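Here is the structure we will look at.
The structure presented is a predicted model; accordingly, all values stated were derived computationally and were not measured.
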Amino acid sequence: MSDNVVLAFDIETIPDARLLKLHYDEPEAEDEQIIERARQEALEKSDGRSDFLRLIFHRIVAISYVHYGRDELCIKSLAHPQLNEKEALHEFFCLIEQQSPLLVSWNGSAFDLPVLVLRALHHGVSARGFWNGPGDKWRQYSSRYHDAHQDIMDMLAFRQPRAAAKLADVALACGLPGKMGYGGDQVYPLFVEQRYAEISNYCETDALNTFLIWLRFARSSGKFSAESYQLCTGLIKDYLSQSGAKHLQTFLKNWQH
C-alpha cells in the first residue's frame with residue numbers, strides 16, 4: 001500500500017446566471033432567459049454541435065472526492081446546501097495545501113481544474129497549495145509534464161483528443177457501474193428543483209469511478225503490486241458496504257468485482 005495521499009476528484013457545475021448578466025449587461029434579465037441566450041450563442045459559434053458554455057461561466061455546485069492514503073479511505077462531497085461555493089473551494093484548496101496529494105481526475109486538465117482555479121480567482125480564495133505544487137519547481141500541478149496531477153482520460157488517450165473515451169464507457173469496460181441514473185446535462189434541472197443531495201451523490205459516484213479506474217491503471221502500469229491492489233479494493237468494498245449511503249451501496253452492488 002502506498003503512503004502517498006491520493007485525491008481523486010470530480011466537480012458538477014451549473015451556468016453562472018449572475019456573471020452572464022454582467023457579461024451581457026442585462027442585470028434585470030431572468031436567470032433562465034440569460035442562460036438560454038448563452039446556450040444559443042454557444043450553439044451558433046459551434047455550428048450547432050454544442051451548447052457548452054465557456055469555462056468562466058460555470059458555477060460549481062459540488063466538489064466530490066475519494067481520499068486515500070496510509071490505509072485510510074473516505075468519500076466526501078463539498079456541496080450545497082451545507083457549504084456555499086466559496087467555502088467549498090476554500091476547503092478543497094486547503095486540503096491540497098495541507099496534504100500535497102497526488103491529484104487524479106477524468107478530463108481534469110481541460111475542465112475540472114481550470115474551473116476550480118477560475119472560481120477561486122472569482123471568490124478571492126487562496127489556491128497557493130495548488131499553484132506552488134507538491135514538490136520543486138519541476139513538479140507542479142499546473143505543469144503538463146509531471147505526475148503530480150494524473151488526468152486518466154488524457155493519459156489513456158496518449159493526449160490525443162480524438163482518442164479520448166468517456167468516463168462511463170471506460171468504467172463499464174472495467175466492470176464498474178459507470179453513470180448511475182444521471183448525466184452532466186441534468187445537474188442544472190436538479191439544482192433548480194433543489195435536489196442537492198442527488199447532485200452530490202452523482203458527483204461522488206463519478207469520483208469513485210475515476211479512482212477505481214486509476215487504481216486499475218496503477219496495477220496495469222506496475223505502480224501497485226497485485227497484493228496492494230487487492231488490499232485497496234478490499235478497503236473500498238468495506239467502506240461502501242458500511243457507509244449506509246444508498247448510492248454507495250448501489251454502486252457496490254453493480255460493481256462487477
Side-chain angles (χ1 to χ4, degrees), residues 1-11 60 62-79 83 87-109 111-117 120 125-156 167 176 200 203-240 242-243 245 248 251:
M1 304 285 276
S2 173
D3 287 332
N4 297 324
V5 172
V6 178
L7 200 68
F9 66 96
D10 185 61
I11 67 171
I60 297 170
I63 307 173
S64 297
Y65 59 81
V66 178
H67 182 277
Y68 164 71
R70 304 178 185 90
D71 299 348
E72 295 181 355
L73 176 84
C74 76
I75 301 171
K76 185 174 181 180
S77 285
L78 311 174
L83 294 174
E87 291 169 341
L89 287 162
H90 172 73
E91 186 168 333
F92 183 75
F93 282 113
C94 278
L95 182 60
I96 292 175
E97 182 173 1
Q98 292 163 3
Q99 301 200 13
S100 298
L102 165 65
L103 295 180
V104 175
S105 71
W106 190 271
N107 197 34
S109 297
F111 180 69
D112 303 70
L113 284 178
V115 172
L116 283 161
V117 297
V125 170
S126 172
R128 61 186 180 186
F130 174 83
W131 290 115
N132 293 336
D136 59 33
K137 65 179 181 178
W138 304 113
R139 187 168 184 265
Q140 301 289 310
Y141 292 122
S142 56
S143 174
R144 178 173 181 175
Y145 301 102
H146 63 76
D147 63 354
H149 166 231
Q150 296 186 7
D151 182 334
I152 304 302
M153 186 194 82
D154 233 10
M155 294 171 73
L156 292 175
L167 173 63
L176 301 169
S200 59
C203 195
E204 285 181 7
T205 56
D206 268 4
L208 188 53
N209 277 308
T210 299
F211 177 75
L212 289 169
I213 292 170
W214 170 83
L215 191 63
R216 287 174 72 98
F217 176 75
R219 173 69 185 103
S220 178
S221 61
K223 299 295 192 299
F224 265 44
S225 66
E227 180 184 8
S228 293
Y229 176 81
Q230 292 300 325
L231 286 171
C232 188
T233 53
L235 184 68
I236 297 166
K237 293 170 192 174
D238 289 343
Y239 182 93
L240 297 180
Q242 297 170 16
S243 70
L248 296 181
F251 187 100

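Side chain of D206 to main chain of D10: no donor-acceptor pair is present (N/O by atom type, distance under 3.5 Å, no hydrogens or angles). Within the 3.5 Å criterion, the main-chain N or O of G108 finds a donor-acceptor partner in the side chain of D151. Between the side chain of Y239 and the backbone N or O of I75, at least one donor-acceptor pair lies under 3.5 Å.
Separation of the F92 and F9 ring centroids falls under the 6.0 Å cut-off.
We find the NE2-CG distance between H67 and L7 to be 6.0 Å, quoted to the nearest 0.5 Å. To the nearest 0.5 Å, atoms OG (S220) and CG (L156) are separated by 9.0 Å. Here the straight-line distance linking atom CG of D154 with atom OG of S105 works out to 8.5 Å at 0.5 Å rounding. Considering CH2 of W106 and CD of Q150, their distance stands at 12.5 Å, rounded to 0.5 Å. The structure places OG1 of T205 at 11.0 Å from CG of L176, a figure rounded to the nearest 0.5 Å. For the atom pair M155 CE and D147 CG, the distance stands at 8.0 Å (nearest 0.5 Å).
Looking only at side-chain heavy atoms (C-beta outward), V6 and V66 stay at 4.5 Å or farther from each other. Contact check for L167 versus I213: side-chain heavy atoms found under the 4.5 Å cut-off. Side-chain contact check for L113 versus Y141: every heavy-atom pair is 4.5 Å or farther apart. Side-chain contact between I11 and F111 is present, with at least one heavy-atom pair separated by less than 4.5 Å. By the 4.5 Å heavy-atom criterion applied to side chains, V5 and L102 are not counted as neighbours. L215 is listed as a side-chain neighbour of T233, based on a closest heavy-atom distance under 4.5 Å. Residues D112 and I63 have side chains not in contact (no heavy-atom distance under 4.5 Å, counting atoms from C-beta outward). Inter-residue side-chain proximity for I96 and C94 is flagged as unmet; no heavy-atom pair is nearer than 4.5 Å.
At most 12 non-hydrogen atoms from other residues, nucleotides or ligands lie less than 6.0 angstrom from NE2 of H90.
By the salt bridge (charged side-chain N to carboxylate O under 4.0 Å, His left out) test, E72 is found to be paired with no residue, residues two or more places apart in sequence or in another chain being considered. Looking at residues two or more places apart in sequence or on another chain, you find a side-chain contact (heavy atoms from CB on, under 4.5 Å) between S221 and F217, K223.
Contact between S142 and W131 at its shortest, heavy atoms only, is CB-CZ3, 3.6 Å. The two residues S100 and P134 come nearest to each other via the heavy atoms CB-CB, 3.9 Å. The minimum heavy-atom distance between S109 and H149, with the atom names listed, is OG-CE1, 3.3 Å.
With hydrogens and angles left out, the side-chain atoms of S200 and S77 include no donor and acceptor closer than 3.5 Å.
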Exercise for the section: Mind running salt bridge (charged side-chain N to carboxylate O under 4.0 Å, His left out) on E91 and K76 for me, showing each step along the way? Expected result: CA-CA 12 Å; E91 186 168 333; K76 185 174 181 180; 2.8 Å; yes
Practice task
Could you please spell out the steps behind the side chain to side chain contact (heavy atoms under 4.5 Å, CB included) verdict for C232 and F211?
Solution key: CA-CA 11 Å; C232 188; F211 177 75; 4.1 Å; yes
Problem - Derivation and outcome, side chain to side chain contact (heavy atoms under 4.5 Å, CB included), residues F93 and V117 - result: CA-CA 9 Å; F93 282 113; V117 297; 4.2 Å; yes
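Ring pair Y68/F224 is tilted by interplanar angle, where 30° to 60° counts as tilted.
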